[in-house]
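Before any comments, here is the structure.
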Amino acid sequence: DDTRRLREDLIAALNKEVHGLYDAGCRHFQIDDAYLSRDCELALDHGIEDVERVFYGLPDDATSTLHMCRGYTNELNEAGYKKADKTAYLKLADALDASSIDAISLEDAYEYNDLSLFDKFKRATVVLGSVSVVKTEIEPVESIRARVNAVVERVGDPAKVVLAPDCGGAMLPLKIFSAKIRNMREAACL
């Protein structure tokens, strides 16, 4: 019944696992969080710091990433699904960029974020969700490329923008997901 103690125990356990994975050769670590974008007050109070503490003590050659999920639809192509408020990213961007987390993974394909969001990332790498994982429509290369170019222009450094799907692709048939990834890859070859 002690949520503070539970958080401390979870942070310690995850930090131990991260270090074990590092010792086994892993250099890229990502936490997928579905809550921080739904509770900005909690995120700013201690949530972002808790994520930083999970990665605490990793050597400089390790990369830490926080994926801020806005929620999955219940079925493919579901219209009107209420994801977490997309303005949450804007509310959290300054704190995320000021944190020690190397990369921030943001959903952007299901619905575009305001481009001013990307002005906030001066230090952290932006992992840009550039294909939707809940829509079967395959995004054209030109559309992906245009959005990526607009984001890169705001971030100011192409090396600070990494393309990814919005989130995991478990809902999509493999043939469709593969086509989306191929288009994303082609769009990245600017």
Any heavy-atom pair between the side chains of Leu58 and His19 that's under 4.5 Å? yes
With a 3.5 Å cut-off and no angle check, do the side chains of Tyr22 and Asp61 form a donor-acceptor pair? yes
Answer yes or no: is there an ion pair linking Arg70 with Glu111, defined by an N-O contact shorter than 4.0 Å? yes
Least distance between heavy atoms, Gly71 atom then Glu107 atom: N-OE2, 4.1 Å
Quick one: closest heavy-atom pair of Ala187 and Arg145, and the distance? O-NE, 3.4 Å
Lys120, NZ: over 12 other non-hydrogen atoms inside 6.0 angstrom: no
Dump the intermediate steps for side-chain hydrogen bond (donor to acceptor under 3.5 Å, both in side chains) on Asp32 and Gln30, then the final yes or no. CA-CA 6 Å; Asp32 287 0; Gln30 179 171 310; 2.6 Å; yes
Separation between CD1 (Ile31) and CD1 (Ile101), nearest 0.5 Å, reads 7.5 Å
Interatomic distance, CG@Leu117 vs OH@Tyr89, rounded to 0.5 Å, equals 9.0 Å
Any heavy-atom pair between the side chains of Ser64 and Val54 that's under 4.5 Å? no
Within this structure, what is the CD-CG distance for the pair Glu52 and Leu66, rounded to the nearest 0.5 Å? 10.0 Å
Salt-bridge test for Arg4 and Glu8: reply yes if a basic N is under 4.0 Å from a carboxylate O, no otherwise. yes
Taking all heavy atoms of Ala43 and all of Leu92, pick out the closest pair and write down the distance. CB-CD2, 3.7 Å
Would Val18 and Tyr56 show up in the same hydrophobic cluster when neighbours are defined by side-chain heavy atoms closer than 4.5 Å? no
Nearest heavy-atom pair of Ala170 and Tyr72: which atoms, and what distance? N-OH, 4.3 Å
For residues Asp102 and Thr63, is any side-chain donor paired with an opposing acceptor at under 3.5 Å? no
Which distance, rounded to the nearest 0.5 Å, do you find between the CE of Met68 and the CG of Leu96? 5.5 Å
State the CG-CG distance between Leu128 and Asn113, to the nearest 0.5 angstrom. 8.5 Å
According to a 4.5 Å side-chain heavy-atom criterion applied to Ile, Leu, Val, Met, Phe, Trp and Tyr, with indirect links allowed, do Val131 and Ile176 form part of one hydrophobic cluster? yes
Determine the minimum heavy-atom distance between Ser105 and Thr65, stating which atoms define it. CB-CG2, 4.1 Å
Take a 6.0 Å sphere around NZ of Lys16 and say whether it holds more than 12 heavy atoms from other residues, nucleotides or ligands. no
I want to check a possible cation-pi pair here: Lys83 against Tyr110, using under 6.0 Å from ring centre and within 45° of the ring axis as the test. yes
Should side-chain heavy atoms under 4.5 Å link Ile, Leu, Val, Met, Phe, Trp and Tyr, which residues sit in the same cluster as Val127? Val162
